[in-house]
Amino acid sequence: MKKTLRVILIAIAGIVIAIGLFLTIVYIVNMISSQSEQAKIEPYGQLVSVDGKKMNVAIQGNGEETVVLLPGYGTAAPALDFKLLVDELSPYYKVVAIEPFGYGLSDETNKERSTDNIVSEIHEALQQLQIDRYILMGHSIAGIYGIDYVNQYPNEVRAFVGIDSSVPTQPGMDVEFPLKTFEFLKKSGLLRLGINVSGDPYAALPFDEHTKEQMIMLMKKNANSDTMLNEMKHISANFKGAQHLTFPNKLPVLLFIEDSNTSVAGWEALHEEQVKDAEYGKVIKLEGDHYLHHTQSKAIADSFRAFMQEIK
C-alpha cells in the first residue's frame with residue numbers, strides 16, 4: 001500500500017512539475033514574441049488626441065460625403081479589417097476608419113468602457129479632424145454604440161448603416177463573461193499559443209499576405225487586453241442601456257444582415273423592427289458570416305450607394 005501510494009504521489013508531482021514547466025515556457029515565449037512583434041507592427045493612419053491619449057484613425061478617399069466606420073467588439077485592427085470595404089467605398093466617399101481605445105494602434109485607457117464614454121471619445125476624434133457631417137457605418141456591437149450616437153448627435157449624422165449590427169433587444173446579452181479566465185489566458189501566453197495552433201483566421205479571405213500578418217500580430221497584442229476586457233465587462237449593461245432607444249424616424253437607416261444567422265433567434269425580425277418607422281429604412285440580407293464586409297464588400301458598397309441615391 002505504501003509503495004503504491006508513493007508511486008502515485010511521485011506521478012502527481014511529476015505531472016505538476018511538467019505543467020509548471022510548460023506554463024513557464026509558454027509565458028517566456030509570449031514575453032519574447034510580444035517584444036519582437038511590437039517592432040514589426042507597422043504604423044498606418046494618423047494619431048488624434050482624444051481625452052489626453054492617442055486614437056488611431058485611417059482616412060482614404062476624397063469624396064464630398066464622409067463615411068465613418070466603427071468596428072465590432074474585439075476587432076484587433078479595424079482599419080485593416082475594413083480594408084476591402086474601404087477600397088470599394090473610397091473612390092466615391094471620404095472614408096474614416098476609427099480605431100477606438102484598445103483597438104488597432106490606439107492607446108489603451110483606464111476609463112470605463114461604457115457606451116457614454118465610447119461614443120464621446122469617437123465624437124471627440126471626429127471633432128479633432130473637423131468632421132461634422134457624415135454617414136455612420138458600423139459592424140456588430142457598433143449597432144449599440146451607433147444608436148446612442150445618432151440620438152446624441154442628430155445634426156451631424158446623415159444616415160446609419162449597420163453591417164450585421166447588434167440590436168439592443170436581441171436575446172442572450174445578459175451573460176456574465178469569465179473575465180478572470182480571459183485575463184489569465186492573455187497574461188500566461190496561452191492565448192497566443194491558441195492563436196498559433198488554430199491556423200490563419202484570414203487564410204480564405206482576399207487580404208494580401210502582408211495585411212494578414214499585421215492583423216494577426218495586432219490580434220495577439222490587443223486580444224483580451226485590459227481595455228478589451230473592460231469593454232466586455234460592460235457589454236450587458238451597454239445593451240440594457242440601449243433598450244429604450246430607437247433610430248430617429250427621419251434618419252435614413254440601412255441594415256445589412258447575415259441571411260442565415262441561427263445563433264440569434266429572430267435576427268431578421270429584430271432588424272426589421274428597427275427600420276419599420278423610418279421614413280427611409282431598409283434591411284438587406286447577404287450571404288456570408290457575421291463579418292459580411294470580409295466577403296461582401298462590393299455588394300455592401302453598391303447597395304449603400306444605391307440607397308443614398310434613392311434618398312437624394
Side-chain angles (χ1 to χ4, degrees), residues 8-45 47 53-56 58 71-84 97 99-111 113 140-141 175-235 289-291 294:
I8 292 172
L9 291 174
I10 290 173
I12 292 173
I15 292 171
V16 171
I17 291 171
I19 292 173
L21 182 61
F22 171 74
L23 290 175
T24 300
I25 293 171
V26 169
Y27 175 79
I28 293 172
V29 169
N30 182 54
M31 295 294 290
I32 295 172
S33 298
S34 294
Q35 292 180 1
S36 173
E37 288 174 358
Q38 186 62 43
K40 297 177 183 177
I41 294 173
E42 299 176 0
Y44 54 84
L47 296 173
K53 296 183 177 295
K54 296 297 183 183
M55 182 176 289
N56 196 55
Y73 173 76
T75 302
L80 301 181
D81 186 81
F82 277 129
K83 184 179 185 301
L84 303 175
E99 297 193 326
F101 289 138
Y103 290 69
L105 301 180
S106 294
D107 289 344
E108 288 202 57
T109 180
N110 293 324
K111 208 165 184 178
R113 296 296 80 204
S140 195
I141 203 170
V175 63
E176 290 189 15
F177 296 96
L179 300 176
K180 290 296 183 182
T181 300
F182 293 152
E183 182 181 15
F184 170 74
L185 291 173
K186 172 72 170 184
K187 294 183 176 179
S188 67
L190 288 172
L191 178 62
R192 172 185 291 277
L193 178 63
I195 293 172
N196 286 340
V197 300
S198 62
D200 183 356
Y202 306 107
L205 299 174
F207 293 99
D208 63 79
E209 291 304 316
H210 181 71
T211 300
K212 290 179 184 179
E213 290 171 1
Q214 291 292 308
M215 287 194 290
I216 290 172
M217 286 191 289
L218 284 163
M219 180 191 301
K220 293 173 182 175
K221 171 181 175 290
N222 293 329
N224 288 10
S225 68
D226 290 342
T227 304
M228 287 282 192
L229 290 180
N230 187 275
E231 185 178 355
M232 183 182 287
K233 183 181 78 171
H234 283 82
I235 283 177
D289 61 17
H290 184 49
Y291 280 78
H294 285 171

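With a 4.5 Å cut-off on side-chain heavy atoms, I41 and L105 count as touching. Side-chain contact between K83 and Y44 is absent, with no heavy atoms from C-beta onward closer than 4.5 Å. For the pair Y291 and L205, the minimum side-chain heavy-atom distance is 4.5 Å or more.
Separating the OG atom in S36 from the CE atom in M217 is a distance of 9.0 Å, to the nearest 0.5 Å. The CD1 atom of I195 lies 9.0 Å from the CD1 atom of I216; values are rounded to the nearest 0.5 Å. Atom OG1 of T75 is separated from atom CG of L218 by 12.0 Å, given to the nearest 0.5 angstrom. Between the CZ atom in F182 and the NZ atom in K187 there is a gap of 15.0 Å [rounded to 0.5 Å].
Between F101 and T109, the shortest heavy-atom distance links the atoms CB-CG2, 3.7 Å. The two residues F207 and D81 come nearest to each other via the heavy atoms CZ-O, 3.7 Å. Pairing each heavy atom of A79 with each of A97, the nearest pair is CA-CB, 4.0 Å.
Under the 4.0 Å criterion applied to side-chain N and carboxylate O atoms, K186 and E183 are not assigned as salt-bridge partners.
Listed by chain and number, the residues in a side-chain hydrogen bond (donor to acceptor under 3.5 Å, both in side chains) with S225 amount to none (sequence neighbours excluded). Scanning for side-chain hydrogen bond (donor to acceptor under 3.5 Å, both in side chains) contacts around K220 gives N196, with sequence neighbours left out.
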Under 3.5 Å, which donor-acceptor pairs link side chains of residues 20-30 to any protein atom two or more places apart or in another chain?
{"from": "T24", "atom 1": "OG1", "to": "G20", "atom 2": "O", "distance (Å)": "2.8"}
{"from": "N30", "atom 1": "OD1", "to": "R192", "atom 2": "NE", "distance (Å)": "2.8"}

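When atom types are taken as modelled, the side chain of N230 and the backbone of R113 share a donor-acceptor pair closer than 3.5 angstrom. Judged by distance alone, the side chain of Y73 and the main-chain N or O of M228 form a donor-acceptor pair under 3.5 Å.
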Residues K40, E37; criterion salt bridge (Lys or Arg N to Asp or Glu O under 4.0 Å); working and verdict: CA-CA 5 Å; K40 297 177 183 177; E37 288 174 358; over 6 Å; no

